[in-house]
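Structure, as structure tokens:
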Amino acid sequence: MIPSIPSSRFFRVSYLSYVTLFFIFLITPLVVVAAFSFNDALFPSLPWNGFTWDWYLGKGDPRLGLFHDDALLDSIGVSVQVAIVTTMASLALATCNAFLFEREQFPGKNFLYVLMLMPLVIPGVILGVSILVFSSTVANWFEVQFGYEVEALRPGLVLVTLGQFAFLTTIATLVISARLRKFDITQEEAAMNLGASRLTAIATVTLPFLKPALFGAGVVAFLMSFENFNTTLMLVGSDAPLTIAMFDRLREGSTPVLNAVSVLLMVGSACLALVSLFVQRPAKP
């Protein structure tokens, strides 16, 4: 709704009702999940049996809480490690991609740009299966030809990282490119006229300008890596990230400890979003 355009009272009420219902639709599942993480019952469902902290602080079965569940804590640690490595690698390559596509002209540029976008339109399961088949084929060839087993090409954290890296780099490239497109290149030229090298000018002038985009892309990449399931499921080995561990628990029939994990993830995501907003707000003149 555009405030400057006159509208009827019925339209304003309808629009406000739609927005309210939309946010209720988004928030209600999160509230329900959070509420049942405090339910004094062995199953995350009705009826409500009272309030308890057991699913966070419980020390033994059948009420083993999140902060004493070594398996879940280990899976969170695995997810954090994968997310950090994937995010750093994605940002590094995405920054190079942004400079390549925004600053350079070369034959086949449009074709390469389309190839870069391909991981966004390929379903995660297909991407994971493709990487798994390719890596297994290469590993089998090395084993047959040289009798050497390349463990990194077998299902495990290396392949999980590569699978997530394939599509997160594309997303980060789009975010950073959008910011770089607004940069006034004469600022770099002025720095070089004052004696700075090209790399020094980029490091001291361009990259600080890109900091909000780099941080925003990093937050998005970290969260998407942390919660990724489809691609990860195809490539995971014995060390399971959190999403795979939660999936295995759900298949067996779990306690509300998974609700507690969900609450922890919601709080963490909200904190990252607030930090991102703080970092990206315009500097005061």
Side-chain angles (χ1 to χ4, degrees), residues 71-72 74-102 104 106-177 214 217-251:
L72 279 179
D74 288 344
S75 67
I76 291 175
V78 170
S79 290
V80 170
Q81 293 175 25
V82 171
I84 290 175
V85 172
T86 305
T87 298
M88 299 304 294
S90 298
L91 287 179
L93 183 57
T95 303
C96 296
N97 287 346
F99 277 93
L100 177 67
F101 289 117
E102 295 298 325
E104 305 297 331
F106 53 88
K109 175 181 175 179
N110 292 335
F111 176 71
L112 288 179
Y113 191 83
V114 172
L115 285 182
M116 183 197 69
L117 297 176
M118 287 298 292
L120 292 183
V121 299
I122 297 176
V125 173
I126 303 301
L127 180 63
V129 170
S130 301
I131 293 174
L132 179 61
V133 171
F134 176 76
S135 63
S136 297
T137 301
V138 174
N140 291 338
W141 183 84
F142 268 97
E143 186 174 6
V144 170
Q145 295 295 324
F146 306 104
Y148 178 72
E149 177 68 24
V150 185
E151 292 293 338
L153 296 178
R154 299 300 184 184
L157 295 185
V158 173
L159 282 191
V160 169
T161 302
L162 289 175
Q164 296 179 2
F165 173 78
F167 67 90
L168 291 179
T169 300
T170 301
I171 297 173
T173 299
L174 295 177
V175 174
I176 298 171
S177 295
L214 289 170
V219 169
V220 171
F222 183 90
L223 291 177
M224 292 189 69
S225 171
F226 195 91
E227 59 83 27
N228 182 262
F229 176 76
N230 293 340
T231 304
T232 302
L233 180 64
M234 299 297 105
L235 303 173
V236 72
S238 58
D239 296 323
L242 180 61
T243 51
I244 306 302
M246 292 179 70
F247 175 69
D248 291 337
R249 292 282 184 96
L250 284 172
R251 287 193 305 175

Output a table of donor-acceptor pairs, distance under 3.5 Å, between side-chain atoms of residues 120-130 and any protein atom two or more places apart or on a different chain; print 'none' if there are none.
| residue | atom | partner | partner atom | Å |
| --- | --- | --- | --- | --- |
| Ser130 | OG | Ile126 | O | 2.7 |

Identify all side-chain donor-acceptor contacts of residues 158-167 below 3.5 Å with residues at least two apart in sequence or on another chain.
| residue | atom | partner | partner atom | Å |
| --- | --- | --- | --- | --- |
| Thr161 | OG1 | Leu157 | O | 2.8 |
| Gln164 | OE1 | Ser225 | OG | 2.3 |
| Gln164 | NE2 | Ser225 | O | 3.4 |
| Gln164 | NE2 | Thr232 | OG1 | 3.0 |

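The shortest non-hydrogen separation linking Asp239 to Val78 is O-CG1, 4.2 Å. In terms of heavy-atom proximity, Pro241 sits nearest to Val236 at CD-CG2, 3.5 Å. Taking all atoms of both residues into account, the shortest heavy-atom contact from Ala240 to Ala245 is CB-N, 4.4 Å.
Separating the CG atom in Asn110 from the CG atom in Leu115 is a distance of 11.0 Å, to the nearest 0.5 Å. Separation of atoms CG (Leu93) and CG (Leu100) is listed at 10.0 Å; rounding is to 0.5 Å. Atom CD1 of Ile176 is separated from atom CD of Glu102 by 11.0 Å, given to the nearest 0.5 angstrom. Here the straight-line distance linking atom CD of Glu227 with atom CZ of Phe222 works out to 11.5 Å at 0.5 Å rounding. Rounded to the nearest 0.5 Å, atoms CG (Leu132) and CG (Leu153) are 10.5 Å apart. In this structure, Asn228 CG and Leu242 CG are separated by 12.0 Å, a value rounded to the nearest 0.5 Å.
A side-chain donor-acceptor contact under 3.5 Å links Ser75 to the backbone of Leu72. Of the possible donor and acceptor atoms, one in the side chain of Thr170 sits under 3.5 Å from a partner among the backbone N and O of Met116.
Within the structure, salt bridge (charged side-chain N to carboxylate O under 4.0 Å, His left out) pairs that include any residue of residues 74-87 do not occur (at least two apart or interchain). For residues 106-125, the set of pairs meeting the ring pair (Phe, Tyr, Trp, His ring centres under 6.0 Å) definition, not counting sequence neighbours, comprises Phe101-Tyr113. Under the side-chain hydrogen bond (donor to acceptor under 3.5 Å, both in side chains) criterion, the residue pairs touching residues 145-158 are Asn140-Arg154, Glu143-Arg154, Glu149-Arg154, with sequence neighbours excluded.
Among residues two or more places apart in sequence or in another chain, the salt bridge (charged side-chain N to carboxylate O under 4.0 Å, His left out) test is passed with Asp248 by Arg251.
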Just do the side-chain contact (heavy atoms from CB on, under 4.5 Å) check on Val138 and Val150 with the steps written out, would you?
-> CA-CA 9 Å; Val138 174; Val150 185; over 6 Å; no
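Test Val175, Val219, Thr95 against Leu214 for side chain to side chain contact (heavy atoms under 4.5 Å, CB included) and you get one pass: Thr95.
Looking at heavy atoms from C-beta onward, Ser90 lies in side-chain contact with Thr169 at the 4.5 angstrom threshold. For the pair Phe226/Ile76, a side-chain contact is recorded, criterion being any heavy-atom separation below 4.5 Å from C-beta on.
In this structure, Phe146 and Phe142 have tilted ring planes: the angle between them lies in the 30° to 60° band.
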